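Working notes for the structure below.
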Amino acid sequence: MARKAAGKPPEEILLDWKREQASLKARVVDQDTEAWQLDPAFSGLQRVGGVDVSFVKDDSGSACASLVVLNYPELEVLYEDCRMVTLTAPYVSGFLAFREVSFLVDAVQRLQEREPCLMPQVLFVDGNGVLHHRGFGVACHLGVLTDLPCIGVAKKLLQVDGLENNALHKEKIQLLKAGGDSFPLMGGSGTVLGRALRSHDHSTKPLYVSVGHKISLEAAVRLTHSCCKFRVPEPVRQADIRSRDYIRRTQEVQGAPEPQSGRSKEAQRPKACPQGVSEEPAAFYIHCPGVEEPRPTPPTPSPRGLPHLPRWPPTLKHRRPLRLHFLAEEQVVGRECL
DNA sequence: GCGACAG
DNA sequence: ATCTTGTCGC
């Protein structure tokens with residue numbers, strides 16, 4: 001029987017975790033380290049990644065960890081890795097990384113082994129970076145363990161170091177008028193811990209962006225904005241969509257018969273294996289943009305009439321597209337890396 | 001007892 | 001995080 005992830009860890013464990021965070025925190029780099037980060041148009045940036053962990057409804061021990069890689073600035077999915085995992089640690093605010101980060105590191109390592117040329121140049125992480133109780137959120141943790149530039153993107157304000165989601169904060173949100181507008185989140189010591197960002201014109205609720213690793217806050221905010229087709233940056237959004245989609249179809253194998261009928265033929269992703277048997281990732285997928293769409297069902301529901309597509313990209317100029325030539329079945333035909 | 005609470 | 005349909009707006 002697998003160990004469960006329930007209850008709060010004893011104080012002794014929390015002390016261990018705090019020591020671990022303090023130790024790794026010394027290795028965080030909160031500045032730009034890559035040339036593309038300094039460029040106004042991010043020229044040189046070709047691949048952005050996103051990670052997420054989704055949970056199974058009635059099983060607090062099971063989850064799906066996913067890593068996706070998108071090209072930039074097109075934001076088409078090039079790579080997807082979804083894998084069912086067994087959670088050991090419970091969720092404790094301030095210690096999210098100890099619940100999720102090891103599975104995310106595993107995914108990055110699989111990518112390094114199988115398709116190193118698709119390694120993203122930056123990772124968007126669902127959660128905070130230095131905007132954290134001890135200045136070391138999951139985005140920092142993953143960044144230090146993988147040595148990849150990481151950006152923390154939280155959907156809710158973590159109320160630490162004097163930060164409060166109070167009336168004053170809400171007033172500032174009201175002042176964010178257009179996509180890209182943001183204001184600083186200052187901690188008690190006067191340090192800027194992150195920024196509240198209106199991620200696009202039609203989004204009221206801001207994102208909370210903070211440095212994870214190897215990127216400045218300014219570049220992190222600017223890049224986050226440029227990766228938002230919708231409120232949540234596309235890499236994280238795709239990781240989220242695909243991991244829950246994976247769970248959904250895993251669950252429906254034993255449940256109700258699939259409503260989807262008709263022509264389900266070629267170019268499928270590897271079939272989902274409900275009772276994880278092998279050591280292989282449950283899903284591993286490389287997509288060649290422009291050749292075919294992986295999913296016939298559009299993620300955007302359009303009841304009637306045409307959906308209003310947000311203008312995108314808003315201002316960035318089109319740069320030389322990275323051309324990857326893949327066949328559907330994991331076989332690499334050719335590529336242009338770097 | 002009450003408030004806080006990234007995912 | 002997850003449970004969930006319709007509904008309102010452009």
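The shown structure was predicted, so the numbers you read here are calculated from the model rather than taken from an experiment. The sequence lines fix the lettering, A, B, ..., with proteins before strands; numbering per chain opens at 1.
- Nucleic acid contact class of A/F95 (heavy atoms, under 4.0 Å, all strands): base.
- When the C1' atom is used for both B/dC2 and C/dT5, the distance is 34 Å, rounded to whole Å.
- In this structure, of B/dA6, C/dT2, C/dA1, it is C/dT2 that holds the atom nearest to the side chain of A/K57.
- Between A/R99 and B/dA6 there is no side-chain N or O to OP1 or OP2 distance below 4.0 Å.
- Panel note: side chain A/S210, backbone A/G129; a donor-acceptor pair is recorded below 3.5 Å.
- Taking atom C1' in both B/dC5 and C/dT2, one finds a spacing of 15 Å when rounded to whole Å.
- Residue A/G152 is classed as having no contact, given no heavy-atom separation below 4.0 Å to the nucleic acid.
- Taking the ring centre of A/F95 as origin, the terminal cationic atom of A/R134 falls inside the region bounded by 6.0 Å and 45° from the ring axis.
- A cation-pi contact, defined as under 6.0 Å to the ring centre and within 45° of the axis, is absent between A/R237 and A/F124.
- Not one side-chain nitrogen or oxygen of A/K155 sits closer than 4.0 Å to the OP1 or OP2 atom of B/dA6.
- As judged by a 4.0 angstrom heavy-atom cut-off over every strand, A/D126 is placed among residues touching the sugar-phosphate backbone only.
- Contacts of A/V138 with the nucleic acid, taken as non-hydrogen atoms under 4.0 Å apart, include base atoms.
- Under the stacking definition used here (centres under 5.5 Å, planes under 30°), the residue A/Y91 qualifies as stacked on the base of B/dG7.
- When atom types are taken as modelled, the side chain of A/N71 and the backbone of A/E76 share a donor-acceptor pair closer than 3.5 angstrom.
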